[in-house]
Amino acid sequence: MIGRKNMGRASPVLLVLLALGFFFATYNLLTMIFHYRSGGNREGALSSDPIIEMPESARNLKNAKLPFHVALTATDAPYSKWQCRIMYYWYKKQKELPGSEMGGFTRILHSGIPDNLMDEIPTMVVDPLPSGLDRGYVVLNRPWAFVQWLQKATIEEEYILMAEPDHIFIKPLPNLAHVGYPAAFPFFYIKPDQHEKIVRKFYPEEKGPVKNIDPIGNSPVIIKKDMLEKIAPTWMNVSLNMKDDPETDKAFGWVLEMYAYAVASALHGVQHILRKDFMLQPPWDTELGKKFIIHYTYGCDYNLKGELTYGKFGEWRFDKRSYLRGPPPKNLALPPPGVPESVVTLVKMVNEATANIPNWGTE
């Protein structure tokens, strides 16, 4: 079995987290600015139907409503802990409401060491990759964590939601999967057809056209457990092989692991139903609509007129990377007038969680 990483707590670890956080922030911001300024808002060009694409063979099948297990991978860093606590708070609240098919919950902690949230959040500790194998790309631990969890855990539900710490459930989430077809959120920046030369290194021509690879990552995805058990080892191996290939590593960067999941799924002949209503991402998605999850991966920066500021800190801001060393304080200031509903709701939901989670600030 892959051995346990030495998880030091010295200041260099914090410096690495800071560097990774700001890199990710810059990457995301520049990508989104280019995309939206170029008029590429994929969702805005689509109809009101939340289903972007459904495999033809699934269209006439009846959707069986079944509970799903919520699973998210996490580290033991303060940055990860406070997000997990907020995520779990809203999971518990929405789980009990009508329309929910949310079942059990597991935080898959890939530090190899129990932490101080074990009694607060249902958690399974798994091993990280061997020291140095992730080369600073922390999310490379995610597929290996899922492989271990699926092997060791007793999971009662037939379906699994792969989620992330920076997800907040806006309302009860139903099982969006459709019989044997998993449901996934489509990311506009996952474009296998535009990287065919690279993708073919891992998805050979005999497997089919590149269009068979869905424009997704592993999260959020609702998928049958037995299907994920087959995909997860392939996802792990494809991730490691992609990271080992300099051309692929350079081309895919921070989203390499997302491409790896998409390719691994296609290698197993798995197609996903693409659901644009799965989640929204402030500040670019401005309205809640009928969506289920807020994904607060992007920084929200505004001036006092309520105008979004591109590429610079706003007079008012909320960015999870501002809290790498510890959790945000209670009662964050609400955005100025004119800021979109999605951002206002995000801050209000963070504030509600921090006001009600016991011993907030002890991450």
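The shown structure was predicted, so the numbers you read here are calculated from the model rather than taken from an experiment. Heads up: numbering here begins at 1 and tracks the sequence.
- Among the candidates Phe187, Tyr181, Tyr261, the single residue satisfying the ring-ring contact (aromatic ring centres under 6.0 Å, His included) test with His272 is Tyr261.
- Side-chain contact between Asp115 and Lys81 is present, with heavy atoms from C-beta onward closer than 4.5 Å.
- Residues Lys320 and Asp166 are paired through a salt bridge, judged by an N-O separation under 4.0 Å between the basic side chain and the carboxylate.
- Exactly one of Gln94, Glu96, Lys93, Glu101 qualifies for a side-chain contact (heavy atoms from CB on, under 4.5 Å) with Pro172. That residue is Gln94.
- Among Tyr296, Tyr310, Phe188, the one residue that satisfies the ring-ring contact (aromatic ring centres under 6.0 Å, His included) test with Trp284 is Tyr310.
- In this structure, Arg317 satisfies the cation-pi test against Phe313, with its NZ or CZ atom closer than 6.0 Å to the six-membered ring centre and inside 45 degrees of the ring normal.
- Residues Met279 and Lys291 form no side-chain contact, since every pair of their non-hydrogen atoms from C-beta on lies 4.5 Å or further apart.
- Annotation: side chain of Cys300 is in contact with side chain of Trp316 (closest heavy-atom distance under 4.5 Å).
- Of the possible donor and acceptor atoms, none in the side chain of Glu196 sits under 3.5 Å from a partner among the backbone N and O of Pro192.
- Taking the charged nitrogens against the carboxylate oxygens, Arg85 and Glu120 do have a contact shorter than 4.0 Å, which makes a salt bridge.
- Ion pairing of Lys197 with Glu247 is present here, as a side-chain N (NZ or NE/NH1/NH2) and a carboxylate O approach within less than 4.0 Å.
- Taking a 6.0 Å sphere around CD of Glu341, one finds it holds more than 12 heavy atoms contributed by other residues, nucleotides or ligands.
- No salt bridge links Asp76 with Arg107; every basic N to acidic carboxylate O contact stays at or beyond 4.0 Å.
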